[in-house]
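These notes are about the structure you will find just below.
Computed from a prediction, not measured in an experiment: that's the story for all the values here. A note on names: the letters A, B, ... follow the listed sequences, proteins ahead of strands, and every chain is numbered from 1.
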There are 2 protein chains.
Amino acid sequence: MASTEPARGTDRAAHPTIRDVAARAGVSKSLVSLALQNAPRVAPETREAILAAAEEIGYRRNAAARALVARRTRTIGVFVLDLHNPMTADVLDAVQAEARRRDYRTLVVVGGEDAVAERAELEKLLEFRVEGIIALGHRLPHGVEEAVGEACPAVSIGSAPRGVAHLGSLSTDDVMGAGLAVDHLVALGHERIVHVDGGSSLVARDRRRGYRAAMKRHGLGALATVVPGSFADEGGYRGARAALALPSPPTALFVVNDLAAMGALAAVADAGLAVPQDVSVVGYDGTGLAGLRPIALTTVGQPLHELGTRAAAQLCGQLDGEPPGAAHTLLRPTLVVRRTTAPPVPARPVARRSRAAG
Amino acid sequence: MASTEPARGTDRAAHPTIRDVAARAGVSKSLVSLALQNAPRVAPETREAILAAAEEIGYRRNAAARALVARRTRTIGVFVLDLHNPMTADVLDAVQAEARRRDYRTLVVVGGEDAVAERAELEKLLEFRVEGIIALGHRLPHGVEEAVGEACPAVSIGSAPRGVAHLGSLSTDDVMGAGLAVDHLVALGHERIVHVDGGSSLVARDRRRGYRAAMKRHGLGALATVVPGSFADEGGYRGARAALALPSPPTALFVVNDLAAMGALAAVADAGLAVPQDVSVVGYDGTGLAGLRPIALTTVGQPLHELGTRAAAQLCGQLDGEPPGAAHTLLRPTLVVRRTTAPPVPARPVARRSRAAG
DNA sequence: CATTCTCGTTGGACCGTTCCAGCAGACATC
DNA sequence: GATGTCTGCTGGAACGGTCCAACGAGAATG
């Protein structure tokens, strides 16, 4: 509300420019620019004098000015759908490491609230002129279709949408992963296996599909039941509660991801049932969370680090003009058996092979 | 390796400028600029024509050019020490929400690897001309002292270092929080309470201090024992294992944070002991992780959302020239009792008041 | 009718860089 | 001694916006 004063949020004179350095070193601004970027034709002693002058007055390059003239930012944007999902941290670490290795910077934005905010975050990335985008999450951010294009390719990690130009993907085979989970439960002797799903996203659809296909494959198609959930632990709780209230309640739950499985675990406990004696629970993602001792969740593991590294490599490689590889890559999930799965309690001897029953 | 071709990572003509819009709308570039920023003196029909033209050719403002002339970016940098710590997500969410509310954008960078990379991340923030920095973690990033200054104030969340100019802080009273943990354990009847600490950071020091003071206050000064750990779960595991190997092993562990407490829980399990029957465990931070059903960790809660919101409010307020409040704010922690604490097993009747013993 | 005011619009300077063309001077070549 | 090449350096034109002074046209005022 300071009425007439010239509003200045940041103080002037605080940011010395290349000219200030030039004046102090007694050379032209062009030479300072050259020296700063290690150009070959600068006399060693001049270079040192310039570097010293820059150091003395606390000079720092201005990324905006530089990006303006270079018309490149060497920056990729990372859109994170859910910061709370523990898989995010693992993947993000890998993305950042690979980007840094290739001399790209990363700009992280977080979505997941509402569609408007998500579009705004994406817009911000574009205004900063990121050269590419990595979208991380079980669905694409709202508005990607308009955002990506020739000037700004994107790679999606997790979900694998086809048919959007300049949008590649890196994910694991979710249909297969869901199959692994069902196979494991069936091998233990379970039949009434309910799937707590993740709603309408592509990833949720694939895992649902994989579940249904595997149930059918085992002759349990008629028993296949899907209850609605979400990718957050609240959704897992809700879904599991609904599943346990079914007329013939399940002996095993296959939950859409590890985070939701946490909610499912809570719902089972609230129903006065024990895991894995009364109900087995399988998650998906293979996060560190699932591996925590008191949790010890059986889960379908994704190679999170590899996912991040390869996505960043694919995007940066493309930007650097490397010959493009496959736009869509599918990695293999693996089953990680821990302590939330066991044979169902009326341990009727099953003819099926029982190697996993220990 | 494309030798002579002009290397162009991003394609030309992909980014229309304000002049392209002007040409299409048949006006001058100045007017386009005016219309785009909702200036009052533009004729309504002209404005609409300009907006339509911009839409048609897919125009997007260039943040670099704009920042260059405005000499402001309305962007604050957020330095995150550890993405894997679940407290990060909660605080970050709040910071982003508040910053957005005040019309500031956030730039997130992740540190925690080595000192060199950390300095580089900070430098990147400065080159992007962020107007302020929020540092989030149990210690300050390497090189903040040189980074912050009049041109770039900072607020630290978590640790509260004094004496650095233009560096405010927002944290909870860690000495008091550690006291709450010890009080709770003593009230349950514990005496051999060992602290698994977090190393040399300020936060670790305060919690250690609070632990020692509280032990002394309860007449248990001679029993006070600190074993070295860290803020990650690996450190908690290591520390707890060392504690349990002591000649007279503890009946309770107070661990420096929730994440490390996960490691401690694992170490207790590996030693063949049960929580809370054989060993009680208390964490710190009050993260969602601790609240997960299978974990149910007793912990010292910090108002994570409030921490984030107030830090962002303080920084943005300062940038907008609001009258500065206190540079350093200390919030009160609260004890969250769950299921990892119980009276020690040889439940000898203690004269001390036992209201918490249920 | 001349003067002033307001409105809607415009050209141009400028922000801090990079990069290109050019320019002295030293040195080599014929 | 004229010519050419190389080295080390400089001035100026961009890059894509914002903002300021100025300007013509029409309305309001005397």
Side-chain angles (χ1 to χ4, degrees), chain A residues 6-10 12-50 53-54 57-74 126-129 151, chain B residues 6-10 12-51 53-54 57-74 126-129 131 151:
Chain A
R8 45 179 178 145
T10 300
R12 248 103 282 264
H15 292 300
T17 77
I18 209 177
R19 286 170 222 269
D20 299 325
V21 178
R24 179 164 247 265
V27 296
S28 73
K29 62 163 185 41
S30 303
L31 196 53
V32 174
S33 173
L34 255 17
L36 252 26
Q37 50 192 309
N38 272 318
R41 309 278 279 265
V42 180
E45 58 271 30
T46 317
R47 155 171 293 132
E48 263 173 56
I50 291 172
I57 63 175
Y59 169 77
R60 231 173 305 254
R61 328 165 95 102
N62 183 326
R66 190 208 248 291
L68 188 56
V69 55
R71 313 179 87 185
R72 288 207 58 177
T73 53
R74 290 202 78 81
L126 263 16
E127 288 189 6
F128 270 106
R129 291 287 189 270
Chain B
R8 43 176 181 152
T10 300
R12 247 104 285 260
H15 293 299
T17 77
I18 206 176
R19 289 166 220 269
D20 299 325
V21 178
R24 179 165 248 264
V27 295
S28 72
K29 63 166 184 39
S30 304
L31 197 54
V32 174
S33 173
L34 256 18
L36 252 25
Q37 51 193 308
N38 271 319
R41 308 280 278 268
V42 180
E45 58 272 31
T46 317
R47 155 171 295 131
E48 262 172 57
I50 291 173
L51 260 28
I57 64 175
Y59 169 77
R60 234 176 297 259
R61 324 164 96 101
N62 183 327
R66 187 205 245 294
L68 188 55
V69 57
R71 310 177 89 188
R72 288 206 59 177
T73 53
R74 289 202 79 80
L126 264 15
E127 289 189 5
F128 269 104
R129 291 289 188 268
E131 298 182 14

Could you tell me from which nucleotide to which nucleotide of DNA chain D, 5' to 3', there is an atom under 4.0 Å from chain A heavy atoms?
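Listing 5' to 3', DNA chain D meets chain A from D:dT7 to D:dG16.
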Tell me the bend of the helix from C:dC1-D:dG30 to C:dC30-D:dG1 as the angle between end helix axes, each from five pairs, rounded to the nearest 10 degrees.
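End-to-end axis angle for the helix from C:dC1-D:dG30 to C:dC30-D:dG1: 60°, rounded to 10°.
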Tell me which pairs pass side-chain hydrogen bond (donor to acceptor under 3.5 Å, both in side chains) where either residue lies in residues 33-42 of chain A, with sequence neighbours left out.
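Only A:S33-A:Q37 qualify under side-chain hydrogen bond (donor to acceptor under 3.5 Å, both in side chains).
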Under the rule for salt bridge (charged side-chain N to carboxylate O under 4.0 Å, His left out), what residues qualify as partners of B:E48, not counting sequence neighbours?
none
Who passes salt bridge (charged side-chain N to carboxylate O under 4.0 Å, His left out) against B:R74, sequence neighbours left out?
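Salt bridge (charged side-chain N to carboxylate O under 4.0 Å, His left out) list for B:R74, sorted by chain: B:D103, B:D320.
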Please name all residues satisfying side chain to side chain contact (heavy atoms under 4.5 Å, CB included) with [X], sequence neighbours left out, ordered by chain then number.
X: A:A49; value: none
X: A:S28; value: A:S30, A:L31
X: B:A23; value: none
X: A:I57; value: A:P16, A:D20, A:V21, A:R24, A:Y59

Assign a letter to each nucleotide of nucleotides 14-26 of chain C from its 5' end: B, base within under 4.0 Å of a protein heavy atom; S, sugar-phosphate only; -, no contact.
-BBBBB-------
Between A:R129 and A:L126 (side chain of the first, backbone of the second, donor and acceptor by atom type, cut-off under 3.5 Å), is there such a pair?
yes
Tell me if a side-chain donor or acceptor on B:R47 pairs with a main-chain N or O of B:A39 at a distance below 3.5 Å.
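At least one qualifying donor-acceptor pair exists.
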Would you mind telling me which residue lines up with the more 5' stretch of DNA chain D, A:G26 or A:R41, judged by nearest nucleotide?
A:R41
Residue list, side-chain hydrogen bond (donor to acceptor under 3.5 Å, both in side chains) with B:R19, at least two apart or on another chain
none
